[in-house]
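Working notes, structure below.
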Amino acid sequence: MFKQSFLFDTLDLTTEMPTAATKAVAGGQLKLIRRGVLEVTPSEVNEATKSIVISAGVHGNETTPLELVDAIVNDILAGTFEIKERCLFILAYPKAINNKTRFLDENLNRLFYKEVAGESVEVDIAKELMADVSAFFAPTPESQRWHLDLHCAIRKSEHFTFAVSPHTLTKTRSRELFSFIDKAQLDAVLLSQGKTNTFSCFSANTHNAQALTVELGQVSPLGENDLSLVDGFNLALRALLCGQLDTIEATSKSIIYGVCQTLTRTQEDFDFTFDAKVKNFTRFYKGDELGHDGETTLTVKQEYEAVVFPNKDVALGSRAALMVTEVNACFNDDYLEFSLPNS
Ligand SMILES: O=C(O)CCC(=O)N[C@@H](CCC(=O)O)C(=O)O
Ligand SMILES: [Zn+2]
């Protein structure tokens with residue numbers, strides 16, 4: 001089906017990819033929808049079959065997920081790994097991956113919303129990917145829809161792996177999804193409180209999918225990743241895809257944080273008080289000054305707030321950091337509910 005592999009054929013923009021090519025494998029069929037978008041269907045599909053989107057490469061310099069996905073597809077083709085759920089594997093942004101940069105014109109992972117407009121490479125990609133995911137989820141029960149959008153963090157982190165759970169008004173934080181987070185040995189999970197127009201947010205809000213952005217360590221060049229550092233995640237992901245998640249024991253509980261502030265850059269004159277190389281989840285305490293946005297001083301409001309994804313140079317109107325704090329969460333009717341301290 002591929003000259004080299006799903007990943008390296010996708011990245012080889014000098015060669016056409018035979019869209020709609022199919023290949024039967026033990027226990028299913030692979031169908032190349034288009035460059036970078038591969039649908040794998042198990043031999044048996046019923047109401048209980050999950051439909052799982054696994055996306056990687058939304059940011060071109062985040063390469064661990066690319067290597068994990070390529071290894072899974074290689075094993076399916078080799079017949080050594082048999083999926084039992086419907087899967088859509090996406091390698092989202094070949095040009096940025098080849099360019100070894102996060103994006104070319106603008107951040108693709110802020111463009112996943114229906115009314116997206118404008119002229120950029122990324123807007124076109126976002127529209128195509130939303131259409132691919134919508135087509136994949138269309139014939140399926142909402143309760144069986146999952147989307148794991150795999151990323152890496154730009155900076156070092158107090159938590160090497162963590163997930164971001166997008167905010168929705170529907171039941172998209174299931175006990176099963178959070179059991180997966182624990183079984184995948186993700187150190188932490190952030191509960192968003194507002195729309196973020198990310199890929200996982202699109203699937204959760206538009207298709208009521210159980211969806212996460214997953215951060216798998218720190219960015220490094222393709223082929224230079226130590227995949228052993230995300231073994232726990234890889235094993236749980238593979239167990240999920242072959243319907244054997246219940247064979248995986250959770251050896252620890254992920255710490256649950258709530259997003260208590262989203263710091264947005266609205267002014268040219270924007271800066272933080274802390275060093276640009278600060279680790280994700282570095283803590284600041286009530287009253288601490290975090291920085292300024294024009295004339296507005298940014299301060300800590302909770303007893304403590306930990307900073308995640310700080311980037312003072314984002315485009316005006318974009319998210320410059322998330323501030324999070326630990327929350328008490330519980331499951332009500334098998335869906336997670338939480339409240340911020342003193343809320
Ligand atoms: O390390 C960073 O600053 C960014 C890493 C990354 O790409 N994270 C995602 C998170 C998306 C979300 O909030 O769900 C992003 O910024 O797009
Ligand atoms: Zn990313």
Side-chain angles (χ1 to χ4, degrees), residues 53-69 90-93 96-97 99-104 106-113 116 122 125-126 129 147-168 172-173 177 181 186-205 209-220 222 225 230 257-265 272 274-282 306-315 317-324:
V53 178
I54 303 295
S55 50
V58 166
H59 292 128
N61 59 339
E62 300 171 8
T63 61
T64 288
L66 301 175
E67 296 183 40
L68 293 183
V69 166
I90 295 176
L91 303 175
Y93 198 171
I97 298 166
N99 204 42
K100 300 181 176 62
T101 55
R102 186 169 170 81
F103 52 78
L104 299 182
E106 59 179 318
N107 186 348
L108 172 58
N109 210 26
R110 302 293 181 273
L111 301 175
F112 289 96
Y113 54 101
V116 64
E122 289 81 5
I125 293 172
L129 292 175
H147 181 180
L148 302 178
D149 183 33
L150 310 183
H151 289 248
C152 297
I154 293 170
R155 65 195 60 250
K156 291 191 184 311
S157 180
E158 297 296 344
H159 299 306
F160 186 71
T161 59
F162 59 98
V164 183
S165 164
H167 173 264
T168 71
T172 55
R173 289 172 170 162
L177 179 68
I181 289 172
L186 296 177
D187 300 327
V189 53
L190 316 186
L191 304 177
S192 299
Q193 293 221 74
K195 255 193 114 180
T196 54
N197 295 330
T198 60
F199 202 4
S200 64
C201 186
F202 164 77
S203 293
N205 278 279
Q210 303 301 311
L212 297 170
T213 301
V214 182
E215 302 289 345
L216 295 170
Q218 192 173 5
V219 295
S220 66
L222 194 57
N225 295 294
V230 291
Y257 292 94
V259 175
C260 41
Q261 289 194 74
T262 298
L263 305 182
T264 302
R265 180 187 184 195
F272 290 125
F274 48 80
D275 186 282
K277 290 194 183 316
V278 72
K279 280 186 176 181
N280 280 329
F281 298 96
T282 298
V307 65
V308 182
F309 305 144
N311 182 349
K312 69 179 180 62
D313 298 318
V314 291
S318 296
R319 180 177 92 189
L322 293 178
M323 301 305 298
V324 303

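In listed order, ligands and their atoms are each counted from 1. Values below: all heavy atoms of this structure, side chains included; hydrogens, waters and symmetry mates excluded. Along the sequence shown, residues are numbered consecutively beginning with 1.
- Looking at heavy atoms from C-beta onward, Val308 lies in side-chain contact with Phe162 at the 4.5 angstrom threshold.
- The shortest N or O to N or O distance between Arg102 and ligand 1 is below 3.5 Å.
- Here the side chain of Arg265 pairs a donor or acceptor atom with the backbone of Val314 at under 3.5 angstrom.
- Looking from atom 5 (C) of ligand 1 to the surrounding protein, the closest heavy atom is Cys152 O, 3.5 Å.
- Proximity of a side-chain donor or acceptor of Glu122 to a complementary backbone N or O of Leu108 within less than 3.5 Å is not detected.
- Residue Ile154 touches ligand 1 through backbone and side chain together, judged by heavy-atom distances below 4.0 Å.
- Looking from atom 6 (C) of ligand 1 to the surrounding protein, the closest heavy atom is Glu215 OE2, 3.4 Å.
- Rounding to the nearest 0.5 Å gives a distance of 7.0 Å between OG1 of Thr196 and CZ of Arg110.
- Closest to atom 14 (O) of ligand 1 among all protein heavy atoms lies Thr213 OG1, 2.8 Å.
- You'll find the side chain of Thr101 stays beyond 4.5 Å of the side chain of Asn61, heavy atoms only.
- Classified by interplanar angle (parallel below 30°, tilted 30° to 60°, perpendicular above 60°), the ring pair Tyr257/Phe281 is tilted.
- Backbone and side-chain nitrogen or oxygen atoms of Glu62 are examined, and one is located within less than 3.5 angstrom of a nitrogen or oxygen of ligand 1.
- Counting heavy atoms from C-beta on, the side chains of Ile90 and Leu129 come closer than 4.5 Å.
- Scanning the protein heavy atoms around atom 11 (C) of ligand 1, the nearest turns out to be Asn109 ND2, 3.6 Å.
- With 2.8 Å as the limit, Glu62 counts as an N, O or S neighbour of the Zn ion (ligand 2).
- Checked against the Zn ion (ligand 2), the N, O or S atom of His59 at the shortest distance is ND1.
- When non-hydrogen atoms are compared, ligand 1 lies under 4.0 Å from neither the backbone nor the side chain of Pro310.
- Contact between Cys201 and ligand 1 is absent, with no heavy atom of the residue lying under 4.0 Å from the ligand.
- Among all non-hydrogen protein atoms, the one lying nearest atom 2 (C) of ligand 1 is Phe309 CD2, 3.3 Å.
- Heavy-atom distances between Thr196 and ligand 1 stay at or above 4.0 Å for every pair.
- Between the side chain of Arg155 and the main chain of Val278, a donor-acceptor pair closer than 3.5 Å is present.
- Comparing heavy-atom distances from atom 15 (C) of ligand 1 across His151, Arg110, Lys156, Arg155 singles out Arg110 as nearest.
- Look at His151 and the Zn ion (ligand 2): an N/O/S atom of the residue is under 2.8 Å from the metal.
- The closest side-chain donor-acceptor pair between His147 and Asp149, if any, does not fall under 3.5 angstrom.
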